[in-house]
Number of protein chains: 2
Amino acid sequence: MTLSTTKQGKPHLTPQRKADFFKALAHPTRLAIVEKLGENLEIHGGEQCVCVLLEMFEIDFSTISRHLAVLKNAGVVTSEKRGKNVYYRLACPCLMDIFYCLDGILDHQDET
Amino acid sequence: MTLSTTKQGKPHLTPQRKADFFKALAHPTRLAIVEKLGENLEIHGGEQCVCVLLEMFEIDFSTISRHLAVLKNAGVVTSEKRGKNVYYRLACPCLMDIFYCLDGILDHQDET
DNA sequence: ATGATATTTGGCTAAAATGACAAATGTTCT
DNA sequence: AGAACATTTGTCATTTTAGCCAAATATCAT
């Protein structure tokens, strides 16, 4: 998945860019990672060590690493290396608004 | 792409279900369709004939039809046949909130 | 420097998504 | 009934994604 950018390397708001963003969220594992990063935003912006994320799933750590790379390329998360560990956090806390929206939509559908 | 459902066939709010929803939005063509359906919501709920959607793209009509099926299976749109034509509309007008959210997020990123 | 720990990357296979063409279906009109 | 139109579905080729294992890289402790 390639992030669409302008000539200056600065991303812009094309349909492709939006689609890339949704695509990054279009996987249960990545979604779970994002929701985890959305918890406790008041503590270091909700950042989590990769090692913590690894414990959440029973899949190979290389696979998690790849999922994290997808999220990062799409601009959903950022990462920072400190010592032996790498910490990921949401690129924008307001990202959680999308989930509130979605929950509302899906709940509304389920009522029918 | 299969929509996750309960035994009663009623969808529930699993990570997979959310991921399916995002996956349906994770394509520029489908995104453009959804945004088109979000216009003029006050007129027949924003519904559009497939024939109108066909004119928006230079791809085969069978491909558009498949994209519409993906959106429908994910619960993003509903359809209704009237005469020779089929009309699609957003399953929930509030879906547009997601786009407002996303625009906000991406705009915010672009400022940096 | 060596070894232990944490994470990413290369290489591969299997599965899923995309898109085109042709054929099928359903509807209206004559 | 038959033709014309609108949309969907069958089938297939191509591309993309997901996941695993092994190897590479980076950092810390001894």
Side-chain angles (χ1 to χ4, degrees), chain A residues 1-4 15-34 36-37 44 47-89, chain B residues 1-4 15-34 36-37 44 47-89:
Chain A
M1 193 184 323
T2 314
L3 188 63
S4 21
Q16 183 63 61
R17 169 112 190 274
K18 286 195 199 182
D20 286 344
F21 202 92
F22 284 126
K23 197 185 293 187
L25 300 176
H27 190 285
T29 301
R30 290 196 294 267
L31 214 43
I33 291 172
V34 169
K36 177 69 176 175
L37 297 181
H44 298 298
E47 71 172 18
Q48 293 291 343
C49 174
V50 173
C51 56
V52 169
L53 301 174
L54 285 178
E55 291 167 4
M56 296 173 59
F57 310 94
E58 295 204 347
I59 56 185
D60 198 85
F61 48 86
S62 67
T63 301
I64 298 285
S65 185
R66 294 223 136 97
H67 281 310
L68 288 168
V70 169
L71 289 169
K72 193 172 174 181
N73 282 334
V76 177
V77 304
T78 60
S79 69
E80 184 188 350
K81 181 161 192 172
R82 293 204 301 275
K84 276 193 289 193
N85 299 306
V86 178
Y87 297 84
Y88 281 81
R89 69 172 68 185
Chain B
M1 192 181 325
T2 316
L3 186 63
S4 21
Q16 183 63 61
R17 169 112 190 276
K18 286 197 201 181
D20 286 345
F21 202 92
F22 284 125
K23 198 184 291 187
L25 299 176
H27 190 285
T29 301
R30 292 196 294 267
L31 213 45
I33 290 173
V34 169
K36 177 68 176 176
L37 298 181
H44 298 298
E47 72 174 17
Q48 293 291 343
C49 174
V50 173
C51 56
V52 169
L53 301 175
L54 284 178
E55 293 168 2
M56 295 173 60
F57 310 94
E58 297 202 346
I59 56 186
D60 198 84
F61 48 85
S62 68
T63 301
I64 297 285
S65 185
R66 292 224 135 93
H67 280 310
L68 288 168
V70 170
L71 289 170
K72 192 172 174 180
N73 283 333
V76 178
V77 303
T78 59
S79 69
E80 185 188 350
K81 181 159 190 172
R82 292 203 302 274
K84 276 193 290 193
N85 299 308
V86 179
Y87 297 84
Y88 281 80
R89 70 173 67 185

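To find a chain, count down the sequence lines: A is the first, B the second, and so on, and within it residues start at 1.
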With a 4.0 Å cutoff (strictly under), does any side-chain N or O of Tyr88(A) reach OP1 or OP2 of dT8(C)? yes
Here the distance between atom C1' of dA6(C) and atom CD of Glu55(A), to the nearest Å, is 13 Å
Measure from the side-chain heavy atoms of Cys51(B) and tell me the nearest of dT7(C), dA22(D), dT7(D). dT7(D)
Heavy atoms, side chains only, cut-off 4.5 Å: are Phe57(B) and Ile33(B) in contact? yes
Short side-chain N/O contact to dG19(D) OP1/OP2 from Thr63(A), under 4.0 Å: no
Is it the case that the base of dT7(D) and the side chain of Arg82(B) share a donor-acceptor contact (distance under 3.5 Å, atom types as modelled)? no
Residue pair Lys84(A)/Asp60(A) against DNA chain C: nearer the 5' end by closest nucleotide is Lys84(A)
Anything under 30° is parallel, anything over 60° is perpendicular, the rest tilted; go ahead and classify His27(B) against His67(B). tilted
Taken to the nearest whole Å, CD1/Ile64(B) to C1'/dA6(D) is 14 Å
Taking C-beta and beyond as the side chain, do Leu68(A) and Lys72(A) meet within less than 4.5 Å on heavy atoms? no
Starting from the 5' end of DNA chain C, give me the residue, Glu58(B) or Phe61(B), whose nearest nucleotide shows up first. Glu58(B)
For a 4.5 angstrom cut-off between non-hydrogen side-chain atoms, does Leu37(A) reach Arg89(A)? no
Just the rounded figure in Å: distance from P of dA6(D) to OH of Tyr87(B). 11 Å
Atom CZ of Arg66(B) and atom C1' of dT7(D): how far apart are they, to the nearest Å? 12 Å
Minimum side-chain heavy-atom gap His44(A)-Glu80(A) below 4.5 Å: no
At under 4.0 Å, does any side-chain N or O of His67(B) touch on OP1 or OP2 of dA17(C)? no
Could you tell me how far apart Leu68(B) (CG) and dA17(C) (C1') are, to the nearest whole angstrom? 16 Å
Base, sugar-phosphate alone, or nothing: which one does Thr29(A) contact when heavy atoms must sit under 4.0 Å apart? nothing
Rounded to the nearest angstrom, tell me the gap between atom CG in Leu25(A) and atom P in dA18(D). 12 Å
Can you tell me how far C1' of dT27(C) sits from NZ of Lys81(B), to the nearest Å? 6 Å
On the nucleotide dT16(D), are OP1 or OP2 found under 4.0 Å from the side-chain N or O atoms that His27(B) carries? no
From the set dA17(C), dT7(C), dT17(D), return the single nucleotide nearest to any side-chain atom of Lys23(A). dT17(D)
Looking only at N and O atoms, is any donor in the side chain of Arg30(B) or the base of dG19(C) less than 3.5 Å from an acceptor on the other one? no
Roughly, in whole Å, what's the span from CG in Asn85(B) to C1' in dG26(C)? 12 Å
